[in-house]
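Here is how names work: the chains are called A, B, and so on, in the same order as the sequence lines, proteins then strands, and each is numbered from 1. Hydrogens, waters and symmetry mates are skipped; everything else that's a heavy atom, side chains included, is used.
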Amino acid sequence: MASRFNALKADAHWQQVWDERRTFAADDHSAKPKSYVLEMFPYPSGKIHMGHVRNYTMGDVLARYRRMTGHEVLHPMGWDAFGMPAENAAMEKGVHPGGWTRANIATMKAQLKRLGFALDWTRELATCEPDYYGHEQAIFLEFYKAGLVYRKESAVNWDPVDMTVLANEQVIDGRGWRSGALVEKRKLNQWFLKITQFADELLDGLSTLEHWPDKVRLMQENWIGKSQGLTFRFRLSDGGEVEVFTTRPDTIFGASFVAVAADHPIAQALAGDPAVAAFIARCKQGGTTAAEIETQEKLGFDTGLTAAHPFSGHPLPVYIANFVLMDYGTGAVFGVPAHDQRDFDFATKYSLPIRRVVAEGDKADPAFDEAEAYTGPGTLVNSHFLDGMDVADAKREVIRRAEADGWGRGSTVWRLRDWGVSRQRYWGTPIPIVHCAACGEVPVPREQLPVVLPEDVTFDVPGNPLDRHPTWKHVACPSCGGEALRDTDTLDTFADSSWYFIRFASQPQDRPFDRAVAESWLPVGQYIGGVEHAILHLLYARFFTRALRHVGMIDVAEPFTGLFTQGMVTHETYRLALPDYDGPRGALWVSPDDIVVGENGQRLARMADGATVPVTVGRVEKMSKSKKNTIDPEPIVDQYGADAVRWFMLSDSPPERDLEWSENGIEGAWRFVQRLWRLVDGERGSEGRDAALDRKLHQTIAGVAADIEALSFNKAVAKLYELTSAVEKAAPSASRDDAVEAMIRLVAPMVPHLAEEAWSLRGHAGLVADAPWPAVDAALLVEDEVTIAIQVNGKLRDTLVLAKGLPREAIEAAALASDKVVRLLEGRAPKKVIVVPDRLVNLVA
RNA sequence: GCGGACGUGGCGGAAUGGUAGACGCUGGGGACUUAAAAUCCUCUGCCGAUGGCGUGCGGGUUCGAGUCCCGCCGUCCGCACCA
């Protein structure tokens, strides 16, 4: 009689065995082919959530599968441990960011261990520890030495109450998210990394990333935003000049005005005039949200200046305009209303000429009477020497002439900006620079690294604790020995996550990584994480890798050859169906834990006093604290065991799509785990082959392998269900015993605890984690009989089971002999017969 | 506005241009049981049912379209006055 699988006991036992034997520690010196599987490391926010469980389960299946197929696998885990939430916790709860973070790490590590992930914990790292960030400081200084770091004055969002800099996301309706104070723009000296120096490489490199989702490549491409065109100068009526950038030099004869940004030096120079000053102020008022920009009216202020057209010398009015951005291109444009919608809107409002220069079909009249700008292809008209050219030729010709005559040049403009990395915050990597009155900015010498973040700080006063620390920032200048001050800013935490995958591969004490060892593991073969990191994190990591190559520290171009962006874990939302409920705001959301199912399936909320209240079931959304629709993984693991949770995470939904958490789903997974156990714990020792089962087994081995490699876990799961059913139904035989034996290995990547328990139960000495993936007998992948579809006029009318590989004539004859076909054809011969061997016959009557 | 993805039973989803709905969930019926749980068997797209209709809608290509092409509609995501 089969026993029941005791998940909790098995989980604890095998986790301990893996730990003690260091089963998943990666060997740098292994002769096996190396495979680096990585999931985005977590921020230690407190507890793990279902999103983590799903993410790490996917990576784990791949890592375990790779081990079984003979790879030396690096599958590490660490902590993205610097960041604002720790400081927020410090301010709210009076705890120290370091203590809070390290306690969270301990909690979350224990939780991850309970899921049985095949992780190399010997390489665990936390970015908040000096033995990590010290090396990051060394890298920063290498970049500095190579001229990839510079200092620039730049505007930040300043919260005058909290005395801190805010990220854009923390500014809500122009106010600080915490203090509610009106946010000011403040100019601060900040450090920048020259990511734009690599813009071309980062763009071109995208085409080599075949195993990245197209979507992510496209998002990066748009973010980098390469535009090619012409940069040229207009002479102004006051004797000055204004430089503009355009991607449409071909339309130059359609220009009817020039516009500059409110921040442009020309506008600023005129700001002595109160009317100009008022207009500039008005431009800056506008909101920055999508909706506001969309509906914002184009506004202009005529400066009275004119700009001379570079070919005709014709004067064009110069406006200050709210739709021109100072930080893109040159901060000035020329307006071609007929062929740019913004210019069209602007010209319409200010009654400026609208002149067609690109013919749309046969429309070539200089008077432009369309309702909107024409931006499509066409032939140049009303443009002197450009007439008759197509757009591309005309662009080239204008650039050629501008360069020949010396008033402009072909140029490339990027949307990508240099990366400002200074943060006026405490809980981050200190920037290893000393400011000396005599020597200026002085890098901290290598032997003085790490610049350790002091932990004796308080958060009872607003502002950066580093700045008001009594001693920390006072230091002797490394250059002259005089009194100097440390930079009290810390690095953007995106810097921490821009090279951690290299440190995982190699972690010597005295330098960031050993080049040869790191190169033996990198690039990461499969990187898995949320699509929310599609742009910034992945772009910064790509930049860091290229910058490290630039300074000669590593010879790797792209850090991640394979990228997979997994979907979120979602759940229904519940709200109290009481419009007049007078509880605190937000309390209307009800946690799934407090939901009971009433009669006829109605959902009710159980209130604190035991009463039940009807709720409305809202849409299925990403699990979030604000909607209270989270499911804490820990009690689920307690109840069902790690394997059932893992199995559910892989079932049903394709991994790139969202997975809806459901009670039925986890119960189904748990039932399957028990079903598997009954099989492995069942009878064996029978004789004889079962050809059909052999074939099913080998097809499943091949299919599951292919599905895992394609990360199509839901399909692998479906195939394993099918095989399980087939084995259950099969009569005892040696084939059936073989199938059960192989199945233990097939499910091992997904339900490793059950697999180890079964492997051991069936008398194997080693671990199933170290066992090889079952071999496929290719001969068994082919069926000897096939079901052939018989269609008449493309409609299915019958199916026939025939031997595989029959000649066309035999298949056709069999089809024509089918009773149903005979009845439908009523004695007539078909006009045409299409035979697809081993598949179908289509008779066209 | 620009770019992208997606749209298949009651639900999640399968399906190299070739038998639509694998597999799971839900639900119905049955077996076992004093009973329940667990387990097992069985059915489960729709309809006027020897047949017909079905993959968001309308066209097209093809012997054959969920799949390819054109045009709509809807949902979701990203970017956004980028010159």
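Residue contacts shown for R797(A) are limited to sugar-phosphate atoms, with no base heavy atom under 4.0 Å away. K719(A) comes within contact range of no nucleotide atom at all, as no heavy-atom separation falls under 4.0 Å.
Separating the C1' atom of rA35(B) from that of rG24(B) is a span of 30 Å, rounded to the nearest Å. Across the P atoms, rG17(B) and rC6(B) are found 15 Å apart, a figure rounded to whole Å. Rounded to a whole angstrom, the distance from the C1' atom of rU39(B) to that of rU33(B) is 12 Å. Taking the C1' atoms as reference points, rC76(B) lies 25 Å from rC68(B), given to the whole Å. The gap from the P atom of rC57(B) to that of rC41(B) amounts to 37 Å, rounded to the nearest Å. Taking atom C1' on both nucleotides, rU62(B) is separated from rG30(B) by 48 Å, rounded to a whole Å.
Residue R415(A) places at least one side-chain N or O closer than 4.0 Å to OP1 or OP2 of rA80(B). Here R671(A) does not reach the OP1 or OP2 of rA38(B): none of its side-chain N or O atoms lies under 4.0 Å away. When the side-chain nitrogen and oxygen atoms of Y721(A) are compared with OP1 and OP2 of rG24(B), none of them lie within a distance under 4.0 Å. Note on K715(A): a side-chain N or O is less than 4.0 Å away from OP1 or OP2 of rA15(B). Using a 4.0 Å cut-off, no side-chain N or O of R839(A) falls inside it from OP1 or OP2 of rU16(B). Under 4.0 angstrom from either OP1 or OP2 of rA38(B) there lies no side-chain N or O belonging to R678(A). OP1 or OP2 of rU26(B) lies within a sub-4.0 Å distance of a side-chain N or O belonging to N664(A). Put simply, K832(A) has a side-chain N or O that comes within less than 4.0 Å of OP1 or OP2 on rC63(B). At the phosphate of rG78(B), neither OP1 nor OP2 sits under 4.0 Å from any side-chain N or O atom of N222(A). For rC23(B), the OP1/OP2 oxygens have no side-chain nitrogen or oxygen of S651(A) closer than 4.0 Å.
In K226(A), the NZ atom is crowded: over 12 heavy atoms of neighbouring residues, nucleotides or ligands sit closer than 6.0 Å.
At a cut-off of 3.5 Å, with distance as the only test, no side-chain donor of T573(A) or N629(A) sits close to an acceptor on the other residue.
For rC81(B), the base has a donor-acceptor partner in the side chain of K298(A) [N/O atoms by modelled type, under 3.5 angstrom].
Atom pair Q341(A):CD and rA83(B):C1' shows a separation of 14 Å (rounding to whole Å applied). Remark: C1' of rA22(B) and CG of D707(A) are 12 Å apart, rounded to the nearest angstrom.
When all heavy atoms of D340(A) and D343(A) are compared, the closest pair comes out as OD1-N, 3.1 Å.
At least one cation-pi condition fails for R4(A) and W677(A): the charged atom is not both under 6.0 angstrom from the six-membered ring centre and inside a 45 degree cone around its axis.
H533(A) and H537(A) have perpendicular rings, their planes meeting at more than 60° on a 0 to 90° scale where under 30° would count as parallel.
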